[in-house]
Undergrad: 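Take this structure, written in structure tokens, and hold onto it; I'll ask about it next.
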Amino acid sequence: MLASKLRASVRFLLLLPWLFALGCKSQVVPNSTSSTSAQTASATQTGPAADTSGAAPLLQAIAASGTLADLQRPNFTDYRLHVQHMYAAVNYAPVWVRSGQASPQALAVIAALENSLHKGLNPEDYDASLWQARLAKLKASPGDASTVARFDLALTVGTMRYISDLHIGRVNPKDFKFGIDIEQKKYDLPQLLLQKIMNESNVPEVLSEVEPELLFYKRTEAALQIYLNLAAQEKLVPLPDAAKPLAPGDSYPAVGPLADRLRFLGDLPQTATVDTSSGLYAGAVVDAVKHFQVRHGITPDGKLGKDTLRQLNTPMSVRVTQLEDALERWRWLPPNFPVLPVAVNIPEFVLRVFNPDHTIAMRMHVIAGKAVGHQTPVFAQNMRYIVFRPYWNVPPSIARGEIVPHLLKDPGYLGKKGFEITDSSGKVVASGSASPEVIADLRAGRLMVRQKPAADNALGLIKFIFPNDNNVYLHSTPSQTLFSQTRRDFSHGCIRVEYPAELASFLLQTQPNGQKWTVDVVKAAMQSGPDNQQVNLTTPIPVVIVYFTAVAEENGEVYFFDDIYGHDKTLDAVLAKGPPYPG
């Protein structure tokens with residue numbers, strides 16, 4: 001069973017905290033593009049020997065050009081300065097070749113590049129299929145300056161690409177307009193190679209330290225190995241569609257292939273007994289379908305509908321890509337946090353909060369922005385305060401696009417919905433009804449709309465503020481029934497939380513002056529406290545809004561979700577072009 005295989009493969013990981021490991025072992029070298037310091041020179045004293053092959057002039061020329069035809073991806077202009085700085089620090093002597101042959105460090109790095117598929121990377125970005133031929137050519141022509149120079153520089157470019165891709169991802173999230181900053185994570189690649197790899201006896205250990213320390217990243221990487229194996233074994237025979245959703249007990253001629261597929265995916269235990277002779281969809285197969293539905297964001301009703309069959313017929317190669325995309329996005333996140341973050345995964349519609357010991361404090365459903373026109377942005381910011389009984393300051397686009405049309409039909413719409421129209425200073429100019437002049441000023445953007453605090457306020461009775469350019473925040477909602485839906489993209493972009501009082505109580509537990517924000521105290525402040533009461537957090541709390549369509553859970557199971565915003569599709573299109581990637 002897949003779940004048991006995955007649990008076995010990551011059992012040692014499950015003993016660690018669930019998601020974020022504070023700090024990072026990789027204290028290798030801080031970010032810098034200048035690698036000609038005395039520190040670097042000192043680090044290379046036991047490194048590359050003087051150039052005895054005559055390769056230096058060619059190395060200098062190729063490094064300056066930013067192009068090497070020998071590479072699968074010849075254009076390395078995005079790494080040109082790094083390459084030049086590194087070779088300048090050693091007078092353009094080869095760094096990977098000793099006495100005409102590849103150094104032990106070179107061989108260790110080449111092994112990592114050839115194995116990069118298992119890191120969720122594209123091996124051909126690092127010339128994985130070419131290294132054995134290059135090694136053979138180097139061995140056959142150990143004194144040839146051109147062979148030495150081209151081998152050496154190809155490995156330098158491949159190593160820099162690999163380390164950077166493994167540490168911060170291949171594509172800068174800014175290219176997708178995501179609010180995640182990777183600049184502070186960047187290594188000084190020349191120093192890293194010269195100080196930590198060229199003279200290192202255990203190169204694999206150094207390379208492992210490059211990867212994120214996030215536990216969820218490690219789980220995802222372990223899950224990738226399982227799904228790579230499944231993809232290699234898979235002989236997919238698509239299950240036939242049904243004329244209508246099949247309920248348990250209905251006839252389904254393909255119940256045998258269905259059981260085989262569920263066993264292959266790990267949702268039906270290998271030891272389960274299934275009667276396929278009757279042609280009925282029943283028993284253990286139904287239970288397995290429900291389990292499969294839970295893992296794929298489908299209401300677990302056991303019915304064989306189009307969504308369930310579509311997911312069952314999805315090739316494992318697609319699941320591999322989803323896991324690779326997840327690893328890419330995990331690499332974008334900060335390596336550590338001052339306190340553990342609140343994490344919201346949009347495709348999963350789930351928020352997680354963590355205890356100081358890294359266990360999960362709470363997990364709750366959320367409602368995210370509509371896929372069409374109101375997508376919730378991906379970003380990271382610090383939550384700084386909470387507002388009880390808030391006004392809802394209606395965004396101008398919603399005021400013009402939704403409220404103005406209602407007012408044109410019914411000027412008394414304001415009073416019915418608890419809205420007020422204000423000027424820029426906050427002075428109320430209309431509340432019960434709106435005159436044509438006021439409506440015209442509202443449409444022109446000279447006036448604003450806000451909704452007064454109340455149980456039916458669109459924000460509910462509490463909001464959680466982490467200032468950001470998108471004006472997105474967490475808040476409660478009067479529309480609680482929507483949390484029972486499986487797909488929950490209903491908002492205008494902000495994130496509605498299922499248990500706001502419990503979330504606020506947890507986040508306010510470290511407030512000073514001995515004030516105890518129990519759930520009951522929070523609920524009282526929501527129901528009858530002062531309007532628009534702001535409570536500042538003693539310590540800002542990181543909030544990360546992420547986008548993962550593949551999630552490896554702590555129980556060893558892997559969950560997959562639809563690419564509701566198309567972010568996976570966009571990422572895959574960029575990655576398919578190969579380096580240089582947008583950075």
Side-chain angles (χ1 to χ4, degrees), residues 2-26 28 108-109 111-123 125-126 128 161-171 173 180 182 185 203-233 266 295 316-336 343 345 347-348 352 358 544 546-561 568 571-572 575:
L2 172 60
S4 62
K5 289 181 183 176
L6 186 53
R7 276 194 292 272
S9 67
V10 298
R11 186 175 293 115
F12 78 101
L13 294 173
L14 304 183
L15 300 175
L16 300 173
W18 182 80
L19 176 59
F20 294 96
L22 290 179
C24 177
K25 285 197 300 182
S26 182
V28 190
V109 170
L113 302 185
E114 292 175 330
N115 194 49
S116 55
L117 176 70
H118 297 279
K119 301 295 183 181
L121 301 171
N122 181 355
D125 286 354
Y126 322 104
R161 283 175 172 170
Y162 177 74
I163 288 174
S164 179
D165 294 351
L166 200 57
H167 185 60
I168 62 173
R170 288 164 283 183
V171 186
I180 298 176
I182 62 170
K185 289 185 66 179
V203 171
E205 181 178 346
V206 174
L207 294 177
S208 72
E209 292 176 352
V210 166
E211 296 188 76
E213 286 288 301
L214 312 177
L215 180 56
F216 216 154
Y217 171 88
K218 295 179 183 296
R219 287 198 184 113
T220 305
E221 191 174 66
L224 175 63
Q225 315 316 310
I226 300 297
Y227 278 85
L228 283 170
N229 291 334
L230 288 176
Q233 300 166 16
R295 288 200 308 112
M316 292 299 97
S317 59
V318 173
R319 301 309 185 200
V320 166
T321 300
Q322 286 183 266
L323 288 161
E324 290 171 343
D325 291 346
L327 289 171
E328 173 75 6
R329 294 191 176 106
W330 279 118
R331 294 176 185 126
W332 294 343
L333 294 181
N336 51 58
N345 184 21
E348 188 182 9
R352 294 178 176 87
H358 301 249
V544 291
V546 294
Y547 193 93
F548 299 116
T549 62
V551 175
E553 285 281 18
E554 61 181 341
N555 65 358
E557 295 187 335
V558 186
Y559 289 65
F560 296 99
F561 307 98
D568 276 5
L571 175 61
D572 294 340
L575 293 175

Undergrad: R352 and E553: which non-hydrogen atoms are nearest, and at how many Å?
TA: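 So the minimum-distance heavy-atom pair works out to NH2-OE2, 2.8 Å.
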Undergrad: Please report the shortest heavy-atom distance between V546 and P347, naming the atom on each side.
TA: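 The pair with the smallest heavy-atom distance is O-CD, 4.3 Å.
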Undergrad: Are any side-chain N or O atoms of K185 and backbone N or O atoms of L333, one a donor and one an acceptor, separated by less than 3.5 Å?
TA: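 Side chain of K185 to backbone of L333: a pair is present.
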Undergrad: Which atom pair, heavy atoms only, marks the closest approach of L327 to G120?
TA: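 That closest heavy-atom pairing would be CD1-CA, 4.1 Å.
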Undergrad: Can you tell me how the ring of Y162 sits relative to the ring of Y126, calling it parallel under 30°, perpendicular over 60° and tilted otherwise?
TA: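 If you compare the ring of Y162 with that of Y126, the planes turn out perpendicular.
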Undergrad: To the nearest 0.5 Å, tell me how far M316 CE sits from N229 CG.
TA: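 Those atoms lie 12.5 Å apart.
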Undergrad: I'd like to know if the side chain of Q322 and the backbone of A550 have a donor-acceptor N/O pair within less than 3.5 Å.
TA: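 Such a contact is absent between Q322 side chain and A550 backbone.
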Undergrad: Determine whether a donor-acceptor pair (N or O, by modelled atom type, separation under 3.5 Å) exists between the side chain of Q225 and the backbone of H118.
TA: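 At least one qualifying donor-acceptor pair exists.
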Undergrad: Quick one: closest heavy-atom pair of P334 and L214, and the distance?
TA: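 Taking every non-hydrogen atom into account, O-CD2, 4.4 Å.
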Undergrad: Please check if the side chain of E324 supplies one atom and the backbone of D572 the other of a donor-acceptor pair under 3.5 Å.
TA: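 Side chain of E324 to backbone of D572, a donor-acceptor pair under 3.5 Å: no, none is there.
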Undergrad: Is there a salt bridge (charged side-chain N to carboxylate O under 4.0 Å, His left out) between R295 and E557 once you walk through the steps?
TA: CA-CA 8 Å; R295 288 200 308 112; E557 295 187 335; 5.6 Å; no
Undergrad: Using a distance-only test with no angle check, is there a side-chain donor-acceptor pair under 3.5 angstrom linking E211 and Y217?
TA: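 There is such a pair between these side chains.
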Undergrad: Please give me the minimum heavy-atom distance between E328 and L571, naming the atom from each residue.
TA: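 Between these two residues, the closest heavy atoms are CG-CD2, 4.1 Å.
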Undergrad: What are the two closest non-hydrogen atoms of I180 and P173, and how far apart are they?
TA: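 That would be O-CG, 3.5 Å.
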Undergrad: On the 0 to 90° scale, with breaks at 30° and 60°, tag the F560-Y227 ring pair as parallel, tilted or perpendicular.
TA: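 The rings of F560 and Y227 stand perpendicular, inter-plane angle above 60°.
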Undergrad: Verify, without hydrogens or angle tests, whether W332 (side chain) and V171 (backbone) share a donor-acceptor contact under 3.5 angstrom.
TA: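 Indeed, once roles are kept as given, a pair shorter than 3.5 Å links the two residues.
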